[in-house]
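Labels below follow one simple rule: chain letters A, B, ... track the order of the sequence lines, proteins then strands, and each chain is numbered from 1. The figures here come from the full heavy-atom set of this structure, side chains too, leaving out hydrogens, waters and symmetry mates.
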2 protein chains.
Amino acid sequence: MVNQNVENLNEVFHALANDTRRDMISMMATQERTISELAEPFDISLAAISKHIKVLERANLVERIINGRTHICRLNTESLSQATEWLHFYEKFWSKHFDLLEIELMKEKRKEQ
Amino acid sequence: MVNQNVENLNEVFHALANDTRRDMISMMATQERTISELAEPFDISLAAISKHIKVLERANLVERIINGRTHICRLNTESLSQATEWLHFYEKFWSKHFDLLEIELMKEKRKEQ
DNA sequence: AAGATAGTTAACCAGATAGTTGAATATGTA
DNA sequence: TACATATTCAACTATCTGGTTAACTATCTT
């Protein structure tokens, strides 16, 4: 788990590092949305919105279903849980300041072999 | 909770969007580290390391204790749990595709008043 | 076929990022 | 005091980001 999919994890966290994109994610959390629906609350050009969605797609956070001339965007939970897992893994330790991380890392290493 | 500390959340996710910095975090998870200790596994200049640590500090993920000529870096869990919370909040919904998010958002709103 | 609607693409721009090298600062040690 | 060690700072570079406008593609409607 740790050190796996490094590239995607970079892209996921990068995608999350922008409040416009996080807001878009929260919009999609309730239901699928078209591009113009996603664009509506923001005061930026459609071209800019289009780019934001591409960033989310590249991070595998969103998939797009083309339906005629409208594109429907839906969250892909897989990538997000990767990010969550990364955080969880370390959270266990830093929250209690245990020194068990090394043990846990050894377990992971053994699993990988 | 949602939409709170937007700026810091941007910085936290940005800090996490780089595997060098994530590796540094994992090093600090077990114990506090000096700058040179943090630098050791990486093949980049100390100046570059110094910049990475500044990014982590700006995101409030790390605090530095200056001890003579060595600087000791320690994780600050507060910021990290912010990020974790953000992910958790939405995870609840997208994992089950419930339509309860709006209800939950209303609750949050009421709490804020 | 003509016009409206939904979205993308290309070219551009200012500012940020991630790295470099070289010099500076500050503290410890002989 | 002189030297070594730990780290930062400044100036520079190439690339990425987030935005713009204008033009393009594709589909729907009349």
Q | Between CD1 on residue B:Ile72 and CD on residue B:Glu37, distance to nearest 0.5 Å | A |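 Going from the CD1 atom of B:Ile72 to the CD atom of B:Glu37 covers 8.5 Å.
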
**Q.** CZ on A:Arg33 to CE on A:Met28, rounded to 0.5 Å
**A.**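 Nearest 0.5 Å value for the CE-CZ distance: 9.0 Å.
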
Q | Test item: A:Arg22 side-chain N/O and A:Leu16 main-chain N/O as donor-acceptor pair under 3.5 Å | A |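 Judged by distance alone, yes, a pair lies under 3.5 Å.
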
Within the structure, does a side-chain N or O atom of [X] lie under 4.0 Å from either OP1 or OP2 of [N]?
| X | N | answer |
| --- | --- | --- |
| A:Ser45 | D:dG19 | no |
| B:Asn18 | C:dA18 | yes |
| A:His14 | C:dT17 | no |

For [X] and [N], give me the distance from atom [atom1] to atom [atom2], rounded to whole Å.
| X | N | atom1 | atom2 | value |
| --- | --- | --- | --- | --- |
| B:Leu56 | C:dT17 | CG | P | 13 Å |
| B:Phe42 | C:dT20 | CZ | C1' | 18 Å |
| A:Leu38 | C:dA6 | CG | P | 14 Å |
| A:Asn67 | D:dT27 | CG | P | 11 Å |
| B:Ile44 | D:dT13 | CD1 | P | 21 Å |
| A:Leu16 | D:dG18 | CG | P | 12 Å |
| A:Arg22 | D:dG18 | CZ | P | 12 Å |
| A:Arg33 | C:dA6 | CZ | P | 16 Å |

Q) Nearest to the side chain of A:His52, which nucleotide is it out of C:dA18, D:dT20, D:dG18? A)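 Shortest atom-to-atom distance from the side chain points to D:dG18.
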
Q) So, for B:Ala59 and B:Glu11, which heavy atoms are closest and what is the spacing to 0.1 Å? A)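 Looking at all heavy atoms of both residues, the closest pair is CB-O, 3.5 Å.
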
**Q.** Validation row: A:Met24, A:Cys73 side chains within 4.5 angstrom (heavy atoms)
**A.**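 Counting from C-beta outward, A:Met24 and A:Cys73 never come under 4.5 Å.
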
What nitrogen or oxygen pairs link the protein and nucleotides 7-9 of chain D at under 3.5 Å?
from  : atom 1 : to      : atom 2 : distance (Å)
D:dT7 : OP1    : B:Ile35 : N      : 3.4
D:dT7 : OP1    : B:His71 : N      : 2.9
D:dT7 : OP1    : B:His71 : O      : 3.4
D:dT7 : OP2    : B:Ser36 : N      : 2.8
D:dT7 : OP2    : B:Ser36 : OG     : 2.0
D:dT7 : O3'    : B:His71 : ND1    : 3.4
D:dT8 : OP1    : B:Arg64 : NH1    : 2.0
D:dT8 : OP1    : B:Arg64 : NH2    : 3.3
D:dT8 : OP2    : B:Ser50 : OG     : 2.7
D:dC9 : OP2    : B:Lys54 : NZ     : 2.8

Q) With sequence neighbours left out, which residue pairs that include part of residues 52-72 of chain A fulfil the salt bridge (charged side-chain N to carboxylate O under 4.0 Å, His left out) condition? A)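 Output for this query lists A:Glu57-A:Arg64, A:Glu63-A:Arg74.
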
Q: Check side chain to side chain donor-acceptor pair (under 3.5 Å) between B:Asn8 and all other residues, then give those that pass, not counting sequence neighbours.
A: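 Listed in chain order: B:Ser79.
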
